[in-house]
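If you're wondering where the values come from, they're calculated on a predicted model, not measured in any experiment. A note on names: the letters A, B, ... follow the listed sequences, proteins ahead of strands, and every chain is numbered from 1.
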Amino acid sequence: MYSEKVLEHFMNPRNVGEIENADGVAQVGNPKCGDVMKMYLKIENGVIVDVKFKTLGCGAAIATSSIATEMIKGKTIEEALKITNKAVTEALDGLPPNKLHCSVLAEEAIKAAIEDYLNKQKNK
Amino acid sequence: MYSEKVLEHFMNPRNVGEIENADGVAQVGNPKCGDVMKMYLKIENGVIVDVKFKTLGCGAAIATSSIATEMIKGKTIEEALKITNKAVTEALDGLPPNKLHCSVLAEEAIKAAIEDYLNKQKNK
Amino acid sequence: MKEKIIYFDHAATTPIKKEVLEEMIPYLTEQYGNPSTIYKLGREAKKAIELARERVAKALNADIEEIYFTSGGTESDNWALKGTALANRDKGRHIITTTIEHHAVLNPLKYLEKIGFEVTYVPVEPNGIVDPNKIKEAIREDTILISVMLANNEIGTIQPIKEIAKIAKEREIIIHTDAVQAVGQIPINVKDLGIDLLSLSAHKFYGPKGVGALYIRKGTRIHPFLQGGAQERNKRAGTENVAGIVGLGKAIEIANKNLNEYASKLQKLRDKLIDGVLSKIDYVRLNGDRYQRLPNNANFSFEFVEGESLLLLLDTKGIAASSGSACTSGSLEPSHVLLAIGLEPEVAHGSLRITLGEDNTEEDIDYLLEVLPEIVSKLREMSPLYES
Amino acid sequence: MKEKIIYFDHAATTPIKKEVLEEMIPYLTEQYGNPSTIYKLGREAKKAIELARERVAKALNADIEEIYFTSGGTESDNWALKGTALANRDKGRHIITTTIEHHAVLNPLKYLEKIGFEVTYVPVEPNGIVDPNKIKEAIREDTILISVMLANNEIGTIQPIKEIAKIAKEREIIIHTDAVQAVGQIPINVKDLGIDLLSLSAHKFYGPKGVGALYIRKGTRIHPFLQGGAQERNKRAGTENVAGIVGLGKAIEIANKNLNEYASKLQKLRDKLIDGVLSKIDYVRLNGDRYQRLPNNANFSFEFVEGESLLLLLDTKGIAASSGSACTSGSLEPSHVLLAIGLEPEVAHGSLRITLGEDNTEEDIDYLLEVLPEIVSKLREMSPLYES
Ligand SMILES: Cc1ncc(COP(=O)(O)O)c(C=O)c1O
Ligand SMILES: Cc1ncc(COP(=O)(O)O)c(C=O)c1O
Ligand code: FES
Ligand code: FES
């Protein structure tokens, strides 16, 4: 059911962990299945210089978290905001139909973490 | 489905044929399946000295015709009238449930042929 | 008496082909995973099922998602009929079929009649083929479903399904065809036929018994029939008969590849058989159209002969065949198909169906043509109705 | 990573036993006759089916004529429920079941609800066992059918069917039990249990997939479900899956002979496993009664872990197991059984079902007890909710 790429990212997830004093942090939950993803961003001059995640969820949830962090690392905020769950799914060589919703979690986590960063900036 | 005995009688039916100027003759049909049996009796002093049959019908119909003729040959009319389809079936080591009606044909043919003989006697 | 069996009953069932069994064996041994599971053993089983689905789709020119596996032709027919009737009962309660369908179609329809549907049984012509115009005439405002078999299992006649499907589609009526006897004998293209549902059964084309498929055109309104787990995209529950499905897939692939060669070989044997029987034996008729019939089917009626006796004597000669005689059926009614083409019950009673397969040879036909006349004579001599 | 697969998912399916396959092979090769036919090849197939029927009857202490072959547990359940509900709807329209039945029971019941029946779902106790008194309380004037499984497929709990059957019989209510998970694990005696209908499926006890049986006590009012030909004494149509039925017969015979030995071996392994997991891992619970459960079943919930991930990591270690996690199911709902025994969805999400089989050894358990804690830790470390 899962592509080789999904399994590879699931087994060796990149960027797992936390960032202390992260510039942006957000935790999102998947109402459909109860899975939870937390994303930490370190941002310098509008560029995501470091990113970490923690995920409680299925293989697809972990794999999409992992590849999403890879995709945004080194990108500007604007670029990162453009990453859709479709792009994440494609980067993983696809997901089974009943697992497409899992990739939404990754998109949401990125957006929410950036929003958190922007809010913090405003309130500085 | 059929016992060895049924198959043996079916393959080598005894007493097939006709008796010219038979003392009793009857043709009976099985309304359930359309099969037809004709029985010829030669009777001397109340004893069935010869019997022949012709049957258009299933394996069970032919086998029961065959064994029934064997069972009545040499018997008195009274004895022959006592032969039931149950006795015929037992002599064949049984019949499948949906073939029990076939043995009724043999019993009926015997009875009808004896009746024909008795009627002819009366009218003599 | 010959030692070897000459098998002339391929419409009843066929042996599993060697190549088919070979593909099945891993799924009867080490590849035992449940396809619904997530680990490797399960994923392998799932893959095997999806390959089989692809093969079936290809053989029928269907889309992959339009193929559902079942436990055989009977389940496919039951599902197709009850599933569409119940799902479309808001539109109407009238169903059209023919008088020569298999019991796997007729009996579900009888059941639907009991629960409030109405069924019109369109009679066939004396050649065993239904006139599409008569189907058209039977259509009512509330007709929701038409079911006509692609080829008949007893007399082998091929029905004009394409014309009937066209009539059905003009009126937006669902059209099902029972192709259990047709698959592997004649080319089938569901898109070209224009049908919504098609039933097939693996053991009729050198696959295993107890596995079949239902083609359901996308968008067809149908209820699930076997309800339970989420297998077959929630449409047909139950742990999959993986080995059986693999066998079905391989068998239909082979059948489709060899179709022309197979059909032309069998047709030649069939014609030799028909000509031989009609010329060598008296009081005999061929049942079903002489030409518009399956390449492997010949069905005769012999007067003054009863079919079961005929079969038993053929069996002693090592020949396996079939009959529509009442005496061979549990029901004691002679074949409804033979009655539907106008035979008297006595004549239907003396019927013999020979259905050929790929292992049959000219010698087999010669042998049959040698023993059959003797057997028929022997039985006629025993018949009180026959005057030689 | 181990090379060999350690298979811990026997509740999903089991491999076919060697002796079982050996008895099947002739019916996949030279003994290909259709059992409905009259010649020798057909008679041999028929005999094989009747021997299988005898073996099933013997294993269940049923009469031979009370056993009907089907395409699996799902068909048996569908037939039992829809067949009796429709045949007895003149008497009433109320049905009682539990909240922990398999979908092969729940989904047909949902369908019956749609067409006018009413179903009461009796909740189970926190240990996963239904209280017979609650069944009794649910009975109404118009109750016609009670269906309660003999053993649960997820948590292995054994239900008090004998008591429930007694309650049913006092009120002349038909009682069905889904014994798909119980056959081959615990002794079953239909007369002693006092039930009317019992479903079983061969692939759960080292037989082939796609074949099952329904026990129908003589005199039980039930409609046929698959309608068509006269097979199975007119009660279940369709050309018989001869090889499958032969396999089922052999498998149940072996299972029944080895029952005690098998059960006590597995129970020992199971207890070692349960003790090991509960002592080695934190934040874990055993689901289902500690003692009144199948000898081969252990079901745990780990907090801060998601089941699918757990299975995938176990798979990489060569271990095949199962979970009631939403993420493994197409439906995205966590197991209804785990919710029914009172688990929070998050906890149900982190469940692991280990079901043992005859090839499992102490070393397999040791290996699992070695890798499982590591895997659970690894996943917990990735979880945003877990604080070590
Ligand atoms: C035309 C037709 N339909 C349906 C069936 C039923 O198929 P199965 O016996 O495989 O269920 C058969 C064969 O028995 C058939 O010939
Ligand atoms: C309790 C129970 N009932 C019914 C079934 C359905 O059986 P099958 O998948 O063989 O149709 C299963 C297994 O899947 C089961 O565990
Ligand atoms: S007499 Fe016709 S079925 Fe036996
Ligand atoms: S996130 Fe739970 S199913 Fe994928």
Note, Ile115(D) side chain near Leu86(C) side chain (heavy atom, < 4.5 Å): no

Heavy-atom distance under 4.5 Å to chain C: side chain of Ile25(D), backbone, both or neither? side chain

Okay, Ser322(D) and chain C: the region with an atom under 4.5 Å from a heavy atom over there is neither

Can you say whether Glu75(C) sits under 4.5 Å from chain D via the side chain, the backbone, both, or neither, judging by heavy atoms? both

Looking at Pro208(D), Pro15(D), Ala12(D), Gly210(D), which has the largest count of heavy-atom pairs under 4.5 Å with chain C? Pro15(D)

Pair count under 4.5 Å, heavy atoms only, with chain C: among Pro108(D), Gly247(D), Gly42(D), Ser36(D), highest is Pro108(D)

Within the side chain of Lys209(C), is there an N or O that forms a donor-acceptor pair under 3.5 Å with the backbone of Tyr32(D)? yes

Could you check which of Asn78(D), Asp77(D), Asn107(D) has the highest count of heavy-atom pairs closer than 4.5 Å to chain C? Asn78(D)

Just give me the residue among His223(D), His102(D), Lys40(D), Lys110(D) that pairs up with chain C most often, heavy atom to heavy atom, under 4.5 Å. Lys40(D)

Checking Gln31(C) against chain D: side chain, backbone, both or neither under 4.5 Å from a heavy atom? neither

Do Arg43(C) and Asp315(D) have side-chain heavy atoms sitting under 4.5 Å apart? yes

Under 4.5 Å heavy-atom distance to chain D, tell me which part of Ser201(C) shows up: side chain, backbone, both or neither. neither

Based on non-hydrogen pairs under 4.5 Å, which of Thr239(C), Val105(C), Ile319(C), Ile16(C) is most in contact with chain D? Thr239(C)

Are any of the side-chain heavy atoms of Leu226(D) and Ser71(C) separated by less than 4.5 Å? yes

Is there a side-chain contact between Leu41(C) and Ile5(D) in this structure, where contact means two heavy atoms from C-beta onward sitting under 4.5 Å apart? yes

Are Asn34(C) and Asp9(D) side-chain neighbours, meaning at least one heavy-atom pair lies under 4.5 Å? no

Measure the CZ-OH distance between Phe8(C) and Tyr39(D) for me, rounded to the nearest 0.5 Å. 12.0 Å

Could you tell me which portion of Ala243(C) (side chain, backbone, both or neither) has an atom closer than 4.5 angstrom to a non-hydrogen atom of chain D? neither

Which distance, rounded to the nearest 0.5 Å, do you find between the OG1 of Thr37(D) and the CG of Leu311(C)? 9.5 Å

Winner by heavy-atom pair count (cut-off under 4.5 Å) against chain C, out of Ala237(D), Ser323(D), Gly212(D): Ala237(D)

Measure Tyr27(C) against the heavy atoms of chain D and call it side chain, backbone, both or neither at under 4.5 Å. neither

Going by heavy atoms in the side chains, are Ile38(C) and Leu312(D) under 4.5 Å from each other? yes

Report which part of Leu28(D) has an atom under 4.5 Å of a heavy atom belonging to chain C: side chain, backbone, both, or neither. both

Against chain C, work out which of His103(D), Gln231(D), Lys18(D), Arg233(D) has the most heavy-atom pairs shorter than 4.5 Å and name it. His103(D)

Between Lys82(C) and Gln227(D), is there a side-chain donor-acceptor contact under 3.5 Å, judged purely by atom types and distance? yes

Where on Thr14(D) is there a heavy atom nearer than 4.5 Å to chain C: the side chain, the backbone, both, or neither? backbone

Part of Leu81(C) lying under 4.5 Å from any heavy atom of chain D: neither

Between Pro224(C), Gly33(C), Gly228(C), who has the most heavy-atom pairs with chain D when the cutoff is under 4.5 Å? Gly228(C)

